[in-house]
Amino acid sequence: MNIYQPSPSTLADLIENVQSSSSGAFNRRDTVSAIKRIACMIGASPQSIALEVPSLRYALAAIRPAAHGITMKTDANFKWRFRSALEQVGIVDRMPHGIAQNNPGWQELVASIAGDKRRAYGLAAFINWCALNNVLPGQVSDETVSLFADWIQARTLYAKPKDVIRRVPTIWNEV
(Lines give C-alpha, C1' and ligand atoms only; values in the text may rest on other atoms or scores of the structure.)
Protein backbone atom coordinates (compact mmCIF):
# COMPACT_ATOMS: atom_id res chain seq x y z
CA MET A 1 0.00 0.00 0.00
CA ASN A 2 1.35 3.40 -0.96
CA ILE A 3 1.24 5.59 2.16
CA TYR A 4 2.30 8.74 0.34
CA GLN A 5 0.53 10.88 -2.24
CA PRO A 6 1.24 9.90 -5.86
CA SER A 7 3.52 11.44 -8.50
CA PRO A 8 6.23 13.53 -6.87
CA SER A 9 8.62 15.02 -9.41
CA THR A 10 11.19 16.72 -7.17
CA LEU A 11 12.67 16.17 -3.72
CA ALA A 12 10.45 19.01 -2.48
CA ASP A 13 7.39 17.05 -3.63
CA LEU A 14 8.76 13.94 -1.94
CA ILE A 15 9.16 15.88 1.31
CA GLU A 16 5.53 17.05 1.08
CA ASN A 17 4.39 13.47 0.52
CA VAL A 18 6.33 12.23 3.53
CA GLN A 19 5.01 15.05 5.71
CA SER A 20 1.41 14.25 4.80
CA SER A 21 1.82 10.48 5.18
CA SER A 22 0.18 8.44 7.88
CA SER A 23 3.46 7.10 9.27
CA GLY A 24 4.50 8.03 12.78
CA ALA A 25 5.65 11.54 13.63
CA PHE A 26 9.21 10.45 14.45
CA ASN A 27 9.49 8.49 11.20
CA ARG A 28 8.19 11.47 9.17
CA ARG A 29 10.58 13.84 10.93
CA ASP A 30 13.61 11.58 10.45
CA THR A 31 12.78 10.83 6.80
CA VAL A 32 12.27 14.52 5.95
CA SER A 33 15.54 15.32 7.70
CA ALA A 34 17.36 12.63 5.70
CA ILE A 35 15.95 13.90 2.40
CA LYS A 36 16.97 17.48 3.24
CA ARG A 37 20.48 16.38 4.28
CA ILE A 38 20.91 14.43 1.06
CA ALA A 39 19.86 17.48 -0.94
CA CYS A 40 22.38 19.55 1.01
CA MET A 41 25.15 16.98 0.40
CA ILE A 42 24.26 16.90 -3.30
CA GLY A 43 24.61 20.68 -3.25
CA ALA A 44 21.18 21.69 -4.52
CA SER A 45 17.81 22.69 -3.14
CA PRO A 46 15.08 20.04 -2.88
CA GLN A 47 13.02 22.02 -5.42
CA SER A 48 15.74 21.71 -8.04
CA ILE A 49 16.44 17.97 -7.73
CA ALA A 50 14.32 15.92 -10.10
CA LEU A 51 13.29 12.40 -9.12
CA GLU A 52 15.03 10.73 -12.06
CA VAL A 53 16.67 7.45 -11.08
CA PRO A 54 19.89 7.68 -13.16
CA SER A 55 20.70 11.22 -11.97
CA LEU A 56 19.82 10.35 -8.35
CA ARG A 57 22.07 7.26 -8.52
CA TYR A 58 24.95 9.40 -9.83
CA ALA A 59 24.38 12.11 -7.21
CA LEU A 60 24.20 9.62 -4.33
CA ALA A 61 27.39 7.88 -5.47
CA ALA A 62 29.22 11.23 -5.50
CA ILE A 63 28.43 11.96 -1.83
CA ARG A 64 31.47 11.61 0.41
CA PRO A 65 30.32 11.41 4.05
CA ALA A 66 33.58 12.67 5.57
CA ALA A 67 33.39 15.81 3.44
CA HIS A 68 30.11 16.63 5.19
CA GLY A 69 31.25 15.68 8.69
CA ILE A 70 29.11 12.56 9.00
CA THR A 71 30.01 8.94 9.60
CA MET A 72 29.50 6.15 7.10
CA LYS A 73 26.73 4.79 9.35
CA THR A 74 24.86 8.10 9.38
CA ASP A 75 25.27 8.32 5.61
CA ALA A 76 23.88 4.79 5.24
CA ASN A 77 20.91 5.70 7.45
CA PHE A 78 20.16 8.83 5.41
CA LYS A 79 20.32 6.86 2.15
CA TRP A 80 18.16 4.05 3.58
CA ARG A 81 15.42 6.52 4.59
CA PHE A 82 15.71 8.29 1.24
CA ARG A 83 15.47 5.03 -0.72
CA SER A 84 12.53 3.88 1.43
CA ALA A 85 10.63 7.11 0.67
CA LEU A 86 11.34 6.66 -3.06
CA GLU A 87 10.10 3.06 -2.86
CA GLN A 88 6.91 4.16 -1.14
CA VAL A 89 6.02 6.55 -3.96
CA GLY A 90 6.98 4.10 -6.69
CA ILE A 91 10.05 5.90 -8.07
CA VAL A 92 12.31 2.91 -7.38
CA ASP A 93 11.72 -0.76 -6.65
CA ARG A 94 12.97 -2.58 -3.61
CA MET A 95 15.93 -4.81 -4.43
CA PRO A 96 14.71 -8.37 -3.92
CA HIS A 97 16.76 -10.34 -1.37
CA GLY A 98 16.53 -14.06 -0.54
CA ILE A 99 13.64 -14.76 -2.88
CA ALA A 100 15.48 -17.31 -5.03
CA GLN A 101 16.67 -19.42 -2.10
CA ASN A 102 13.04 -19.89 -1.03
CA ASN A 103 11.79 -20.60 -4.55
CA PRO A 104 11.67 -24.34 -5.36
CA GLY A 105 12.68 -23.67 -8.96
CA TRP A 106 15.84 -21.86 -7.91
CA GLN A 107 16.90 -23.73 -4.73
CA GLU A 108 19.17 -26.22 -6.50
CA LEU A 109 21.07 -23.53 -8.39
CA VAL A 110 21.35 -21.31 -5.29
CA ALA A 111 22.72 -24.25 -3.29
CA SER A 112 25.22 -25.13 -6.03
CA ILE A 113 26.80 -21.65 -6.05
CA ALA A 114 26.51 -20.89 -2.32
CA GLY A 115 30.14 -21.85 -1.64
CA ASP A 116 31.51 -19.60 -4.40
CA LYS A 117 31.24 -15.96 -3.32
CA ARG A 118 32.03 -14.60 -6.78
CA ARG A 119 29.19 -16.53 -8.36
CA ALA A 120 26.75 -16.16 -5.46
CA TYR A 121 27.23 -12.39 -5.12
CA GLY A 122 27.61 -11.87 -8.85
CA LEU A 123 24.26 -13.48 -9.61
CA ALA A 124 22.31 -12.57 -6.46
CA ALA A 125 20.41 -9.58 -7.86
CA PHE A 126 19.71 -11.36 -11.13
CA ILE A 127 18.44 -14.66 -9.72
CA ASN A 128 16.33 -12.91 -7.09
CA TRP A 129 14.82 -10.70 -9.80
CA CYS A 130 14.13 -13.80 -11.92
CA ALA A 131 12.49 -15.61 -8.99
CA LEU A 132 10.38 -12.53 -8.23
CA ASN A 133 9.25 -12.41 -11.85
CA ASN A 134 8.55 -16.17 -12.06
CA VAL A 135 11.40 -16.88 -14.48
CA LEU A 136 12.86 -20.32 -13.83
CA PRO A 137 16.53 -21.18 -14.55
CA GLY A 138 15.59 -23.09 -17.71
CA GLN A 139 13.68 -20.07 -19.02
CA VAL A 140 16.58 -17.59 -18.75
CA SER A 141 17.41 -16.11 -22.15
CA ASP A 142 19.11 -13.09 -23.66
CA GLU A 143 15.76 -11.31 -23.42
CA THR A 144 15.59 -12.09 -19.68
CA VAL A 145 19.01 -10.55 -19.14
CA SER A 146 17.99 -7.53 -21.22
CA LEU A 147 14.81 -7.02 -19.18
CA PHE A 148 16.84 -7.33 -15.97
CA ALA A 149 19.34 -4.77 -17.29
CA ASP A 150 16.54 -2.33 -18.10
CA TRP A 151 15.02 -2.82 -14.66
CA ILE A 152 18.23 -2.43 -12.64
CA GLN A 153 19.12 0.79 -14.49
CA ALA A 154 15.67 2.38 -14.50
CA ARG A 155 14.09 1.18 -11.26
CA THR A 156 16.87 0.81 -8.67
CA LEU A 157 19.51 2.97 -7.02
CA TYR A 158 22.01 0.12 -7.27
CA ALA A 159 25.37 1.90 -7.17
CA LYS A 160 26.98 0.30 -10.23
CA PRO A 161 24.28 -1.28 -12.40
CA LYS A 162 26.53 -1.49 -15.47
CA ASP A 163 28.99 -3.65 -13.53
CA VAL A 164 26.17 -6.03 -12.61
CA ILE A 165 24.86 -6.09 -16.17
CA ARG A 166 28.33 -6.81 -17.54
CA ARG A 167 29.00 -9.55 -14.95
CA VAL A 168 25.68 -11.45 -15.10
CA PRO A 169 25.98 -13.10 -18.56
CA THR A 170 29.54 -14.24 -17.91
CA ILE A 171 28.80 -15.80 -14.54
CA TRP A 172 25.46 -17.19 -15.74
CA ASN A 173 27.19 -19.00 -18.62
CA GLU A 174 29.77 -20.43 -16.19
CA VAL A 175 27.04 -21.80 -13.95
Side-chain angles (χ1 to χ4, degrees), residues 1-5 8-102 110 113-129 131-132 148 151-168 171:
M1 181 171 114
N2 189 343
I3 61 172
Y4 299 113
Q5 299 168 353
S9 60
T10 66
L11 284 189
D13 297 335
L14 183 63
I15 289 169
E16 286 180 29
N17 284 358
V18 170
Q19 289 173 331
S20 65
S21 75
S22 61
S23 64
F26 292 117
N27 185 47
R28 286 193 310 266
R29 178 202 64 200
D30 291 348
T31 301
V32 167
S33 175
I35 294 168
K36 287 180 179 178
R37 284 298 304 266
I38 284 177
C40 179
M41 290 187 288
I42 289 172
S45 71
Q47 296 82 1
S48 66
I49 300 174
L51 295 181
E52 297 169 348
V53 174
S55 59
L56 288 174
R57 179 186 304 112
Y58 179 78
L60 290 173
I63 293 173
R64 300 293 173 249
H68 300 283
I70 62 171
T71 65
M72 297 282 284
K73 173 122 174 84
T74 300
D75 180 59
N77 287 335
F78 286 158
K79 289 177 181 175
W80 178 83
R81 285 192 173 277
F82 180 67
R83 189 172 38 257
S84 293
L86 292 173
E87 288 170 1
Q88 291 296 320
V89 297
I91 301 295
V92 298
D93 294 335
R94 180 176 301 264
M95 284 292 290
H97 295 284
I99 294 170
Q101 71 184 18
N102 297 320
V110 170
I113 64 172
D116 185 337
K117 286 185 180 183
R118 179 180 158 276
R119 288 179 174 173
Y121 293 154
L123 288 177
F126 177 66
I127 63 177
N128 283 309
W129 178 85
L132 181 68
F148 170 74
W151 171 79
I152 202 166
Q153 289 185 89
R155 299 288 303 164
T156 74
L157 292 176
Y158 199 87
K160 297 180 180 179
K162 290 182 181 178
D163 288 353
V164 175
I165 294 163
R166 191 171 32 252
R167 182 175 55 230
V168 164
I171 298 173

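Values below: every heavy atom of this structure, side chains too, minus hydrogens, waters and symmetry copies.
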**Prompt:** Taking everything shown except Lys79 itself, do over 12 heavy atoms lie less than 6.0 Å from its NZ?
**Reply:**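 Yes.
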**Asked** Is the number of heavy atoms from other residues, nucleotides or ligands within 6.0 Å of CZ (Arg94) greater than 12?
**Response**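 Open.
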Examine distances only and state if a side-chain atom of [X] and a backbone atom of [Y] form a donor-acceptor pair shorter than 3.5 Å.
X      : Y     : result
Arg155 : Gly90 : yes
Ser33  : Arg29 : no
Asp13  : Thr10 : yes
Asn128 : Ile99 : yes

Working to the nearest 0.5 angstrom, can you tell me the gap between [X] [atom1] and [Y] [atom2]?
X      : Y      : atom1 : atom2 : answer
Arg166 : Asp163 : CZ    : CG    : 4.5 Å
Asn17  : Leu11  : CG    : CG    : 11.5 Å
Ile49  : Leu14  : CD1   : CG    : 10.5 Å
Ser9   : Gln47  : OG    : CD    : 11.0 Å
Arg81  : Thr31  : CZ    : OG1   : 4.0 Å
Phe148 : Ile127 : CZ    : CD1   : 10.5 Å

**Message:** Can you list everything that forms a side-chain contact (heavy atoms from CB on, under 4.5 Å) with Asn77? Sequence neighbours excluded, please.
**Reply:**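 Asn77 satisfies side-chain contact (heavy atoms from CB on, under 4.5 Å) with Lys73 only.
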To check you understand the geometry: which heavy-atom pair defines the closest contact between [X] and [Y], and what is its length?
X      : Y      : result
Ala154 : Val53  : O-CG2, 3.4 Å
Ala85  : Ile35  : CB-CD1, 4.2 Å
Ile63  : His68  : CG2-CD2, 4.3 Å
Ile91  : Leu51  : CG2-O, 4.1 Å
Gln101 : Val110 : CB-CG1, 3.9 Å
Ile38  : Phe78  : CD1-O, 3.6 Å

Are any non-hydrogen side-chain atoms of [X] and [Y] less than 4.5 angstrom apart?
X      : Y      : answer
Ile165 : Gln153 : yes
Phe126 : Val164 : no
Phe82  : Leu56  : yes
Pro161 : Arg57  : yes
Ile70  : Met41  : yes
Arg64  : Asp75  : no

**Prompt:** So, Arg28 and Ser23: side-chain donor and acceptor under 3.5 Å apart, yes or no?
**Reply:**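 Side chains of Arg28 and Ser23: no pair found under 3.5 Å.
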